[in-house]
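Okay, so here's the structure we're looking at.
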Amino acid sequence: MSTQLAGPDADEGTGVRRASRLGVAGLRRGLGDYRARLLTSGRYAGPALLGYAAVRAIGVIIVLLWHHKHGESGLHRLSTMWDAYWYADIAKHGYAGSKPVPGPHGPYQAYAFFPIYPMVIRACHLLLPLSVSQAALLVAWFASLVAAWGIFAVGDHLYGRRVGTIAAVLWGVTPYSLVESLAYSELLFTAFTTWAMYAAVRRRWILAGLLSTLAGLTRPTAVAVAGAVCLGALVALVSQWWRTRHGTMPQEARVAWWRPVVGGLIAPLGFVSFILWVGLQKHSLTGYFKVQEAWQSQFDYGSSTLQSVRDMLATSNTLWMSDVVVAITLMASVMLFALSILQRQPIVLVALSALVLLLALGDASYFNSRARFLIPAFALLFPLAGALARVRTRGAVATVMAFAAVTSGLFGGYLAFVYTNSP
């Protein structure tokens with residue numbers, strides 16, 4: 001004989017079940033709304049993503065055709081060359097299981113490479129029927145699309161859809177865009193960077209700080225991202241206080257004061273925590289920097305960069321084409337930075353470009369890595385994208401992009417199969 005609850009207990013049980021059903025239904029509606037917004041946003045960004053994918057496909061096809069002459073698979077080359085070896089090795093064996101490699105300035109060690117990218121590679125390898133190298137390439141290529149989407153989002157928010165689209169495609173045809181097809185951490189890092197900047201220009205400071213933290217667990221150059229977020233948050237906080245005090249800021253435009261404070265505080269946690277962890281493993285607070293000595297990676301305020309350019313201008317010997325391209329890229333980037341200031345970009349973007357340029361010009365490692373360091377400085381492309389967006393001759397922009405894609409692809413093939421050092 002069953003006994004049914006009656007009175008308050010029955011009402012309480014019914015209420016709990018009803019609340020549970022409402023909670024599940026609310027969660028489903030929330031997920032459905034998020035999925036709908038994501039699809040709408042993806043369709044809106046579609047031309048930018050398709051354009052970026054098209055120009056990168058040209059670059060990859062050129063590398064795949066190039067490999068026939070050299071007897072090595074183009075995809076294998078893209079997924080294993082230079083730094084890609086270390087990311088795959090960490091994904092397979094972890095930091096402790098990765099063996100040092102002898103070098104002229106000390107042993108190369110896995111502790112020089114930040115953890116997020118190899119962690120995602122390992123997860124992809126375990127979940128999908130892919131080798132570690134294939135997973136590394138898949139993650140990098142997917143991250144490059146996310147980064148291109150972020151570039152479009154920032155450009156669209158500030159200057160309109162056409163500028164955002166052109167900027168995203170331009171990012172795919174820069175001289176060193178071969179790196180955007182390699183199993184390198186720059187792609188995931190740039191994805192975090194672009195969306196951190198998007199959050200910052202939308203004044204979503206906590207999200208910007210969280211994305212900066214993830215960038216800081218991806219590459220050491222995240223110091224530029226954290227610095228930009230911190231400066232942007234500080235300027236926003238001071239500006240709001242000043243305008244509120246003088247009654248010039250509408251109530252609906254204000255944000256809670258603690259949001260930029262929290263965003264700025266958490267922005268540098270990623271790279272700081274990894275550097276401290278490496279120090280703990282090496283029993284020295286300077287352990288990470290000692291590991292980097294094998295690559296001769298240190299800040300010399302531009303002395304080695306200036307010396308490299310001076311040597312190129314003074315020598316009559318044969319030069320690597322890559323040396324000349326890097327020198328021109330650095331000079332063009334300085335010019336574009338000046339134009340970015342004249343364009344009156346938000347302070348957070350100007351700070352990012354300035355800090356990335358400073359790191360690229362001031363690093364003492366080998367000269368050709370400097371162009372690769374500039375890959376996250378996407379805001380430098382907005383002045384050029386703005387100029388191209390004003391061109392109204394039918395097919396002119398598409399012609400420029402196609403020519404740039406082929407040129408960049410040919411130079412990428414040279415870097416992959418002819419040049420004897422890392423891009």
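Side chains included, hydrogens not; waters and symmetry mates left out as well; all remaining heavy atoms used. Counting from 1, the numbers follow the sequence of the chain as shown.
Between the Ser308 side chain and the Ser304 main chain, a donor and an acceptor come within less than 3.5 Å of each other. The closest donor-acceptor contact from the side chain of Ser353 to the backbone of Ala379 lies at 3.5 Å or more, if one exists at all. At distances below 3.5 Å, at least one donor-acceptor pair connects side-chain atoms of Trp195 with backbone N or O atoms of Val146. Checked by atom type and distance alone, the side chain of Arg370 pairs as donor or acceptor with a backbone atom of Asp363 at under 3.5 Å. The backbone N or O of Phe189 lies less than 3.5 Å from no partner atom in the side chain of Thr218, so there is not a single donor-acceptor pair. Remark: the backbone N or O of Ser177 is not paired with any side-chain donor or acceptor of Glu180 at under 3.5 angstrom. Judged purely by atom type and a 3.5 angstrom limit, Ser133 has no side-chain atom pairing as donor or acceptor with the backbone of Thr80. Not one N or O on the side chain of Tyr111 forms a donor-acceptor pair closer than 3.5 Å with the backbone of Gly287. For Thr286 (side chain) and Phe289 (main-chain N/O), no donor-acceptor pair under 3.5 Å exists by modelled atom type. Proximity of a side-chain donor or acceptor of Tyr117 to a complementary backbone N or O of Ala136 within less than 3.5 Å is detected.
Nearest heavy atoms, Gly232 versus Val348: CA-CB, 4.5 Å. Minimum heavy-atom separation, Thr194 to Val154: O-CG2, 3.7 Å. Residue Lys290 comes nearest to Ser284 through the heavy atom pair NZ-OG, 3.7 Å, listed as atom of the first residue, atom of the second, then distance. Taking every heavy atom of both residues into account, Ala110 and Trp86 meet most closely at N-CZ3, 3.5 Å.
For the pair Leu330 and Leu361, the minimum side-chain heavy-atom distance is below 4.5 Å. Side-chain atoms of Thr221 and Phe271, non-hydrogen and from C-beta on, never get closer than 4.5 Å to each other.
Within the structure, every pair that satisfies the side chain to side chain donor-acceptor pair (under 3.5 Å) test and touches residues 147-175, not counting sequence neighbours, is listed here: Tyr44-Asp156. Contacts classified as side chain to side chain donor-acceptor pair (under 3.5 Å) and involving residues 385-398 (residues at least two apart or in different chains) are not found.
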* **Evaluation steps, side-chain contact (heavy atoms from CB on, under 4.5 Å), between Val391 and Val400** => CA-CA 11 Å; Val391 175; Val400 169; over 6 Å; no

Set out, in order, the CA-CA distance, both residues' side-chain angles and the distance that settles side-chain contact (heavy atoms from CB on, under 4.5 Å) for Val63 and Ser181, then state yes or no.
CA-CA 10 Å; Val63 171; Ser181 298; over 6 Å; no

Practice problem: Let me see the working for Leu285 and Leu276 under side-chain contact (heavy atoms from CB on, under 4.5 Å), right down to the final yes or no. | Solution: CA-CA 7 Å; Leu285 283 176; Leu276 291 176; 4.2 Å; yes

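Within a 6.0 Å sphere centred on CZ of Arg344, heavy atoms belonging to other residues, nucleotides or ligands number 12 at most. The number of heavy-atom neighbours closer than 6.0 Å to CE of Met312, taken from other residues, nucleotides and ligands shown, is above 12. A 6.0 Å sphere centred on CZ of Phe403 holds no more than 12 heavy atoms belonging to other residues, nucleotides or ligands. Surrounding CZ of Phe142 are at most 12 heavy atoms belonging to other residues, nucleotides or ligands under 6.0 Å away.
Looking only at atom types and distance, the side chain of Arg56 has no donor-acceptor partner in the side chain of Ser144 under 3.5 Å away.
The aromatic rings of Tyr414 and Phe411 lie parallel to each other, their planes meeting at an angle below 30°, with 60° marking the opposite boundary.
You'll find the ring centres of Phe114 and Tyr288 inside the 6.0 Å limit. In summary, the aromatic rings of Trp320 and Phe367 are positioned with their centroids too far apart to meet the 6.0 Å limit.
Here the CG atom belonging to Leu265 is positioned 7.5 Å from the SG atom belonging to Cys230, to the nearest 0.5 angstrom.
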